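To start, the structure itself, in structure tokens.
Both ligands and their constituent atoms are indexed starting at 1 by order of listing. Bear in mind that the values here come from a model prediction, so they are computed numbers and not experimental data. For the single chain, residues carry numbers from 1 onward in sequence order.
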Amino acid sequence: MVVATVRTLAAFEGQSVELRGWVYSKRSSGKIKFLNLRDGSDTVQCIIVKGVAPDKVFEDFDKLTQESSLTLCGKVRKDARSKVGFEIDVENFEIVHIAEEYPIGPKEHGPDFLLGNRHLWLRSNRPHAVIKIRARFIKAVRDFFDNDGFTLVDAPIFTPAACEGTTTLFETEYFGEKAYLTQSGQLYGEAAAMAFGKIYCFGPTFRAEKSKTRRHLTEFWMVEPEVAFNDLDANMVLAERFLEYTVQSVLKDCRRELEILERKTERLENVKAPFPRISYDEAIQLLKQKNVPCEWGNDFGSPEETALAESFDRPVFVHRFPAAIKAFYMKHDPNNPKVALGVDCLAPEGYGEIIGGGQREESLQILKGRIETHGLPESAFQWYLDLRRYGSVPHAGFGLGIERTVSWICGLEHLREASPFPRMIHRIYP
Ligand code: 4AD
Ligand code: MG
């Protein structure tokens, strides 16, 4: 018999198929028994009618516990009330394994309990929908760059130097030398852009974030494009095209998942280029008008970002931040050396910064000075300085945090749910 999945049932209407999965829930009412079967793709209601299915099946039904595994044969019937459009009239099933009492039930569980059981919680329909959306989003990320002439060049995870400041470094011993887990692939991305023109790197990045917030993980995935000859403006054009493509791809293909999450999608439909652009100076004025306390020179935190994003109907770019609060590699604005040619993209609905990037300093002399004033060891950056010795060109790029973006798309309360197995200050299990 043909093996189907719940998501492919439409191709088998009226036919008998085999499904392989687990008991999500079950109930009986007299001569009819209902089994909600989860097969990894979705869940479908399977109906067992006494006299129609063999007696053995009817009896075996009572042995099934939540999450017991089984293979099931039945006829695919169209059903307008079903979320997946079909139900299964069971002809037979075979038990593969009877599950022990399952710790996650329909009742409310606390977040600590659920996170401690993340290896099981992934089976529940909400986490399942989030991880499906994450997977679709990542495919869109890759498709966008692959179709736009970018070459994937991955950056190493063990690194000899800091990219994003020294306060969030994870240090490790590397055969008698000090090494750090990468905070960003950017510096390697810059080397690759000089070799390939347009590149992106994509992988896990690490920050020893000691604060507990809804927006910080210690391990998160970042995609980082870098483009030779791009300036700050071209960087923003790339970022808005990229976000439009990736968000709209998820909206088109993940209707069912967004419905499971009860996510209102009107605001996401709006994610279309061009996005509004405001300078940091304008952002400060806007915050003052809104009576949000702020002072020129300070970085924005979550309250400022939320207030700024509220003024716009789609993601907004904030550019030209005070140079003093930005990383050593950022180019300063030739028209105003107090500000750096950096840009953040803020997501609506309180999700804050999802993209950080900008134009890089291309002058060897200036960059050497910056490494010094930031107290970084020049010896670890010789290779990076070489990029300014041999055919240095203006260039720009950005990094987008996958979990931040997925938690915005999904409307999650905390970005830990956007990671299959999140790592935070007090969590390394499971
Ligand atoms: O703004 P960030 O620190 O920029 C960089 O790392 C640049 N080197 C990227 C580049 O230009 N190639 O980080 C970029 C993004 C943030 O906007 C945010 O989405 C995410 O990475 N991010 C985090 N996500 C989860 N947990 C954390 N602790 C994060 N820190 C940054
Ligand atoms: Mg940033």
Side-chain angles (χ1 to χ4, degrees), residues 134 137 141 145 150 153-155 159 161-170 180-193 199-227 230 232 235-236 238-239 242-243 246 280 299-302 304-305 309 315-319 321-322 325-331 340-347 351-361 384 395-409 412 414-419 422-425 427:
R134 176 186 167 113
F137 179 73
V141 163
F145 290 120
F150 285 72
V153 183
D154 286 319
T159 60
C163 177
E164 293 302 322
T166 48
T167 55
T168 62
L169 279 175
F170 274 114
Y180 308 100
L181 298 185
T182 184
Q183 298 167 304
S184 158
Q186 178 195 318
L187 307 185
Y188 298 93
E190 289 180 54
I199 68 94
Y200 69 106
C201 63
F202 183 41
T205 47
F206 305 85
R207 308 231 177 143
E209 305 277 4
K210 285 158 207 102
S211 57
K212 263 176 106 172
T213 79
R214 301 189 299 122
R215 292 180 179 184
H216 290 92
L217 296 171
T218 54
E219 178 178 323
F220 60 98
W221 280 63
M222 182 152 57
V223 60
E224 299 179 81
E226 190 72 33
V227 183
N230 262 10
L232 179 67
N235 200 39
M236 289 192 263
L238 176 66
F242 163 70
L243 261 189
T246 49
Y280 175 91
D299 207 354
F300 295 143
S302 157
E304 294 88 348
E305 288 178 357
V316 54
F317 289 122
V318 182
H319 56 81
F321 284 82
I325 56 169
K326 286 295 176 186
F328 76 95
Y329 52 71
M330 278 207 189
K331 187 178 171 71
L341 297 177
V343 60
D344 281 2
C345 181
L346 310 182
Y351 286 90
E353 179 198 334
I354 51 172
I355 285 180
Q359 191 172 334
R360 324 305 188 185
E361 180 52 64
Y384 184 66
H395 59 288
F398 62 84
L400 169 130
I402 296 293
E403 290 78 5
R404 290 253 184 107
T405 312
V406 169
S407 67
W408 161 50
I409 294 174
L412 305 178
H414 195 302
L415 94 165
R416 65 191 170 205
E417 286 176 46
S419 168
R423 295 290 171 250
M424 288 163 289
I425 180 163
R427 177 160 303 281

To the nearest 0.5 Å, atom CE of Met236 lies from atom CD1 of Ile355 at 11.5 Å
Check: Glu353 side chain, Asp344 main-chain N or O, donor-acceptor pair, under 3.5 Å:
no
Answer yes if the ring centres of Phe206 and Tyr180 are under 6.0 angstrom apart, and no otherwise.
no
When Phe202, Phe242, Phe145 are each screened for ring pair (Phe, Tyr, Trp, His ring centres under 6.0 Å) with Phe150, the one that passes is Phe145
Gap between atom CD1 of Ile354 and atom CG of Leu243 - 0.5 Å precision
4.5 Å
Metal environment of the Mg ion (ligand 2), protein N/O/S under 2.8 Å:
Glu353 OE2
Testing the basics here: between Ile425 and Lys210, what is the closest heavy-atom pair and its distance to 0.1 Å?
CD1-O, 3.1 Å
Short side-chain donor-acceptor distance under 3.5 Å, Glu190 and Tyr329:
no
Which parts of the protein, at residue level, reach under 4.0 Å of ligand 1 through a heavy atom?
Glu164, Ser184, Gln186, Arg207, Glu209, Arg215, His216, Leu217, Phe220, Met222, Glu224, Tyr329, Glu353, Ile354, Ile355, Gly356, Gly357, Arg360, Gly397, Phe398, Gly399, Gly401, Arg404, Leu415
With a 4.5 Å cut-off on side-chain heavy atoms, are Arg416 and Leu217 touching?
yes
Close side-chain approach of Leu238 to Phe398, heavy-atom, < 4.5 Å:
yes
